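The model shown is predicted, which means the values in this text are computed figures rather than measured ones. Whatever order the structure lists ligands and atoms in, that order sets their numbers, starting from 1.
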Amino acid sequence: MSDSNINPESNPLPFGGRSLQFRDKKHLWHPLTQHKIAPEALPIIKAKNCILTSEDKKEYIDGIASWYTAMYGHCNEFIIAKVTEQMQNLDQVVFSGFTHEPAVKLSEELIKILPKGQQKLFFNDNGSTATEIGIKMALQYHHNQGNNRNVMLAFEEGFHGDTFGAMSVSGLSVYNGAFEEHFIEVLRLPVPNGKNNTEVLEKLKSLIAENNIAGFIYEPLVQGAAGMKMHDPEGLNEILKICKENEIICVADEVMTGFGKTGRYFASDYVVTKPDVVCLSKALTAGLLPMGLTTCSQKVYDAFYSEDISKGLFHGHTYSANPLACAAALAGIELLVSDEIQQKIEEVQQWHREFDKKIKNHPKVTNQRQLGVIYAFDLNVEMERYGNLRNELFKHFMDSGIFLRPLGSTIYILAPFTISQEEMNHIYESIEVALEKF
Ligand SMILES: *Cc1c(COP(=O)(O)O)cnc(C)c1O
């Protein structure tokens with residue numbers, strides 16, 4: 001903190017000079033945080049395009065688009081204008097028994113860009129509930145038809161969220177010990193890396209033969225929380241083909257990969273065999289408002305369509321299809337498909353490719369991977385996921401005005417599409433400094 005802020009008289013802060021950090025500690029409990037050992041939370045007072053400004057007036061380039069949400073930049077004026085307009089007319093209405101234009105329009109615009117075969121939209125609040133409903137759709141799809149299928153299939157090291165169903169299918173559940181005995185039954189498949197495809201397919205076939213698998217949930221091509229681990233589209237395609245032949249509902253968790261980050265609208269666009277269900281959140285609402293969506297094919301929807309009320313999907317969130325969130329999503333899609341953003345996506349990919357060439361022979365750089373605007377590599381240094389060295393690496397970036405969030409020894413960049421070349425170069429330079437320092 002700068003000296004001027006420590007002395008409340010020279011730069012008065014509200015509440016007698018006590019900073020947000022101080023007041024935060026009284027009542028707030030932060031996500032994914034062990035408060036006894038965690039460093040203090042950094043108060044942010046402003047976000048504009050790619051820059052976060054802290055209470056002590058330091059600026060940070062948001063190199064991960066605030067967990068892959070603000071892909072068109074923070075406080076994007078176009079999106080704000082659209083949401084402001086919506087706000088004057090309709091804020092919230094129950095979506096059970098009512099409908100409204102923002103939801104209808106969003107369904108029309110989203111279906112145009114979703115992977116082929118998606119036909120119906122089910123609204124929810126966040127990424128975890130989006131996958132939770134994907135799991136429920138897969139299980140109830142079979143239940144409604146009188147099939148005894150109650151097992152989910154998922155990739156090793158996948159991440160699908162923190163509610164019970166989502167936690168169950170996540171392979172990264174390192175700190176879920178208190179809940180594991182309540183999980184739904186899940187079988188795991190290694191990700192196909194191009195070399196092990198035959199083994200993975202053999203394993204898949206034997207799992208199918210020996211179990212009653214209802215659905216397969218997967219992060220297509222990039223496993224975000226696992227450290228931007230990327231896998232082979234051909235291998236994934238073969239898995240999906242076999243699942244479909246066996247009436248296993250394929251649930252693509254595109255919560256992270258959706259909306260242009262992979263260079264296409266959705267990661268599933270790289271794979272010939274399309275999912276039955278798609279889960280969306282994060283960049284769906286462009287970082288402005290929280291919302292999730294689970295979309296599905298006509299085939300899935302039809303399994304719930306019946307005169308029997310109990311065959312319906314009896315799941316509902318109070319804020320389903322919130323009109324403001326729908327307006328933000330619509331504005332986001334308008335930007336995503338624009339020439340300007342598509343060109344920026346191209347440009348960022350090119351910058352990453354050049355940066356990769358520059359660092360690839362460095363002895364500390366291994367496993368570089370890139371898909372679209374996602375660039376990652378591993379530091380050839382032992383590091384625990386939330387260990388001390390990792391924390392020092394995080395601090396190194398923050399000290400140089402860069403917000404990156406290394407996952408163990410994985411350094412990745414997933415900045416807003418709107419980042420300038422100068423800002424990106426600043427990120428690259430601080431990575432190069434880190435290569436010498438760690
Ligand atoms: C972030 C994420 C989730 C969970 O979304 P929340 O909005 O944090 O609940 C689920 N799946 C994937 C792939 C994610 O990246």
So which protein heavy atom does atom 9 (O) of ligand 1 come closest to, and at what separation?
-> Ser128 OG, 2.5 Å

In plain terms, say whether Lys46 and Glu59 are close enough for a salt bridge, that is, a side-chain N and a carboxylate O under 4.0 Å apart.
-> no

Run the salt-bridge test on Lys244 and Asp276 with the 4.0 Å N-O cut-off and return the result as yes or no.
-> yes

Looking at the rings of Phe266 and Phe259, which for Trp means the six-membered one, are their centres under 6.0 Å apart?
-> yes

Side chain, backbone, both or neither: the part of Trp67 lying under 4.0 Å from ligand 1 by heavy atom | neither

Ionic contact status for Lys344 with Glu347, cut-off 4.0 Å | yes

Residue, atom and distance of the protein heavy atom nearest atom 13 (C) of ligand 1 read Asp253 OD2, 3.3 Å

For Gly161, atoms of ligand 1 separated by under 4.0 Å from a heavy atom = 4 (C), 10 (C)

Between Phe95 and His317, does the ring centroid distance fall short of 6.0 Å?
-> no

Counting each atom of ligand 1 from 1 as listed, which ones have a heavy atom of Glu219 under 4.0 Å away?
-> 13 (C)

Presence of salt bridge, Lys112 and Glu109, under 4.0 angstrom | yes

Check each atom of ligand 1 against the heavy atoms of Lys282 and keep those under 4.0 Å away; list them by number with element.
-> 1 (C), 2 (C), 3 (C), 14 (C), 15 (O)

Determine if the distance from atom 6 (P) of ligand 1 to the closest protein heavy atom is below 4.0 Å.
-> yes

May I ask you to list the atoms of ligand 1 that are less than 4.0 angstrom from any heavy atom of Gly127?
-> 4 (C), 5 (O), 6 (P), 7 (O), 9 (O)

